[in-house]
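Keep in mind it's a predicted model, so treat the numbers as computed, not measured.
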Amino acid sequence: MLYYLFEYLDKILDVPGTGVFQYITFRSALALMLSLLLSTIYGKRIIHFLQRQQVGETVRELGLAGQNEKAGTPTMGGLIIIFATLVPVILFAKLHNIYIVLLIVTTLWMGTIGFIDDYIKIFKKDKEGLKGIFKVFGQVGLGLIVGTVLYFSPAVTVRTDTSTSDIFKTPTENVIVQAPVEEKSTATTIPFFKNNEFDYAELLAWTGEGYEKWAWLIFIPVVIFIITAVSNGANLTDGIDGLAAGTSAVSVLALGIFTFVSGNIIFSNYLNIMYIPHSGEMTVFIAAFVGALIGFLWYNSYPASVFMGDTGSLTIGGIIAVLAIAVRKEMLIPLLCGIFLVENFSVVLQVAYFKYTKKRFGEGRRIFLMSPLHHHYQKKGYHESKIVTRFWIVAIMLAILSIVTLKLR
């Protein structure tokens, strides 16, 4: 909202200094500072409200050290993250930007699914929460919305030929300066390859001429799968104090670098990467989101005063997935969100191996002492803080390696 106010003051009333709001970097900095203040200052009030409503965590007996002390700790803390993210976005972002609209919808959509799940667990005394099938329906629904908008909206375009652009040449009477050619495309980026653009439509090339118009049959299911997988991965990672929030903040910060350079014709030209018009505006959302996550850690670090619950974890996963898809970096998710991947894979591997050995030997056996993986290390006697800190370090290493793919091909 403030963006439109200052745009009016600058362009209509010509008030000196108000043009600074046109800069994404300035608005991102304001969004980051405001989200930090909101999550740290008003986060305490939200925690007190949750305590008054007796929104306490019901801890299942898993035989983990320090587990019983966490019983009754307020959950649904994801409300802090959502609140501290959306307020700065509404104030400082361009609300007509298609990517900002999608991210706001994602935040509210996944936050609602998570809230319903937490509500059932707490007030209906059902430890299972929202049935898994309904969660999947919700994730698929969001995937349909995001995939459909990204594919069909005329506001979503890309430009892959930035390296051959003449827009930086000084015009002369013998040189015609080319304007950027933007087009609808389902192209994405394959990391570590020199010619790293891949178009999902090419998977249908065998069908013959005109196959491009059916690319949505590939693109939309891919979007649905990514959103479902990443949101579930974030949900499984949320198991000990500060783990999901800290690792997510690192991943989102890396995505912020991708959105900024991909939405800037100068940087995309220099790095020879895909230019995605208007995607730079997502940097404002990311700044607010990172600030909210870091501010949430003020209360969620060990020993936690509040848990994010599914309200937060599903929202985090959904946002990361949509950001990666929008900036055409979804193939980097296994690397960038390696913590989510390993946590998810540890559960799948544990269950599959248990079922296999039970069928073959009559007794189920386990690979890990407990899954997800962070519980395995707890069982081995590592303190929560040590596990979380080391997972953060790994997340930072993965984020740096992901950023390096901009030039390492």
Side-chain angles (χ1 to χ4, degrees), residues 32 35-40 43 46-47 57 64 66 70 73-85 107 110 114 230-257 285-321 323-324 332-344 346 372-378 382-403:
L32 176 63
S35 63
L36 276 170
L37 290 173
L38 290 174
S39 55
T40 52
I46 294 176
I47 293 172
E57 179 78 3
L64 297 171
K70 296 186 179 184
T73 302
T75 187
M76 286 190 183
L79 293 172
I80 298 173
I81 298 173
I82 294 172
F83 169 74
T85 299
T107 304
M110 297 303 292
V230 178
S231 58
N232 284 330
N235 195 21
L236 289 172
T237 304
D238 179 34
I240 51 180
D241 301 346
L243 179 58
T247 54
S248 298
V250 173
S251 299
V252 173
L253 191 58
L255 282 171
I257 295 175
F285 184 99
I286 288 172
F289 190 42
V290 169
L293 289 170
I294 295 174
F296 179 74
L297 280 173
W298 184 274
Y299 302 105
N300 186 239
S301 57
Y302 183 86
S305 303
V306 66
F307 300 138
M308 68 170 64
D310 281 20
T311 306
S313 60
L314 289 177
T315 303
I316 288 172
I319 290 173
I320 290 176
L323 283 170
L332 262 180
I333 288 178
L335 177 63
L336 180 60
C337 301
I339 298 296
F340 293 174
L341 177 66
V342 170
E343 294 274 54
N344 218 337
S346 68
L373 187 61
H374 57 263
H375 286 326
H376 169 77
Y377 290 111
Q378 279 186 285
Y382 290 90
H383 192 275
E384 280 190 42
S385 297
K386 184 178 289 292
I387 297 170
V388 170
T389 302
R390 289 181 175 177
F391 273 53
W392 285 359
I393 293 171
V394 173
I396 292 171
M397 293 170 61
L398 294 175
I400 292 172
L401 185 56
S402 298
I403 295 169

Interatomic distance, [X] atom [atom1] to [Y] atom [atom2] [nearest 0.5 angstrom]:
X	Y	atom1	atom2	answer
Leu336	Leu401	CG	CG	10.0 Å
His383	Gln378	NE2	CD	9.5 Å
Cys337	Asn344	SG	CG	11.5 Å
Leu341	Leu335	CG	CG	10.0 Å
Leu332	Leu255	CG	CG	8.5 Å
His374	Tyr382	NE2	OH	16.0 Å

Between Val252 and Ile319, does the side-chain contact (heavy atoms from CB on, under 4.5 Å) criterion hold? Intermediate values first, please.
CA-CA 9 Å; Val252 173; Ile319 290 173; 5.7 Å; no
If you take all heavy atoms of [X] and [Y], which pair is closest and at what distance?
X	Y	result
Ser313	Asn235	OG-OD1, 2.9 Å
Ala395	Thr247	CB-CG2, 4.0 Å
Ser35	Ala287	OG-O, 3.9 Å
Gly317	Val230	O-CG1, 3.3 Å
Thr85	Ala292	OG1-CB, 3.4 Å
Ala249	Ile294	CB-CG1, 4.5 Å

With sequence neighbours left out, write down each residue that passes side-chain hydrogen bond (donor to acceptor under 3.5 Å, both in side chains) with Ser231, or none if nothing qualifies.
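For Ser231, the residues satisfying side-chain hydrogen bond (donor to acceptor under 3.5 Å, both in side chains) (neighbours in sequence not counted) are Gln139.
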Solution key, residues 237-245 side-chain donor-acceptor pairs under 3.5 Å, sequence neighbours excluded:
from, atom 1, to, atom 2, distance (Å)
Thr237, OG1, Gly233, O, 2.8
Asp241, OD1, Lys70, NZ, 3.3
Asp241, OD2, Ala304, N, 3.1

Taking the side chain as every heavy atom from C-beta outward, state whether [X] and [Y] have any atom pair closer than 4.5 Å.
X	Y	value
Arg390	Tyr377	no
Ile47	Ile80	yes
Phe296	Val306	yes

Can Ile81 and Leu293 be said to form a side-chain contact (heavy atoms from CB on, under 4.5 Å), step by step?
CA-CA 6 Å; Ile81 298 173; Leu293 289 170; 3.9 Å; yes
Run the side-chain contact (heavy atoms from CB on, under 4.5 Å) test on Phe340 and Ser248 for me, step by step, so that the C-alpha distance in whole Å, both residues' side-chain angles and the decisive distance to 0.1 Å come before the verdict.
CA-CA 9 Å; Phe340 293 174; Ser248 298; 3.3 Å; yes
Kindly check if the number of other-residue, nucleotide or ligand heavy atoms within 6.0 Å of CZ (Phe83) is above 12?
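Yes.
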Not counting sequence neighbours, which residues clear side chain to side chain contact (heavy atoms under 4.5 Å, CB included) with Thr40? List them please.
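Side chain to side chain contact (heavy atoms under 4.5 Å, CB included) list for Thr40, sorted by chain: Trp298.
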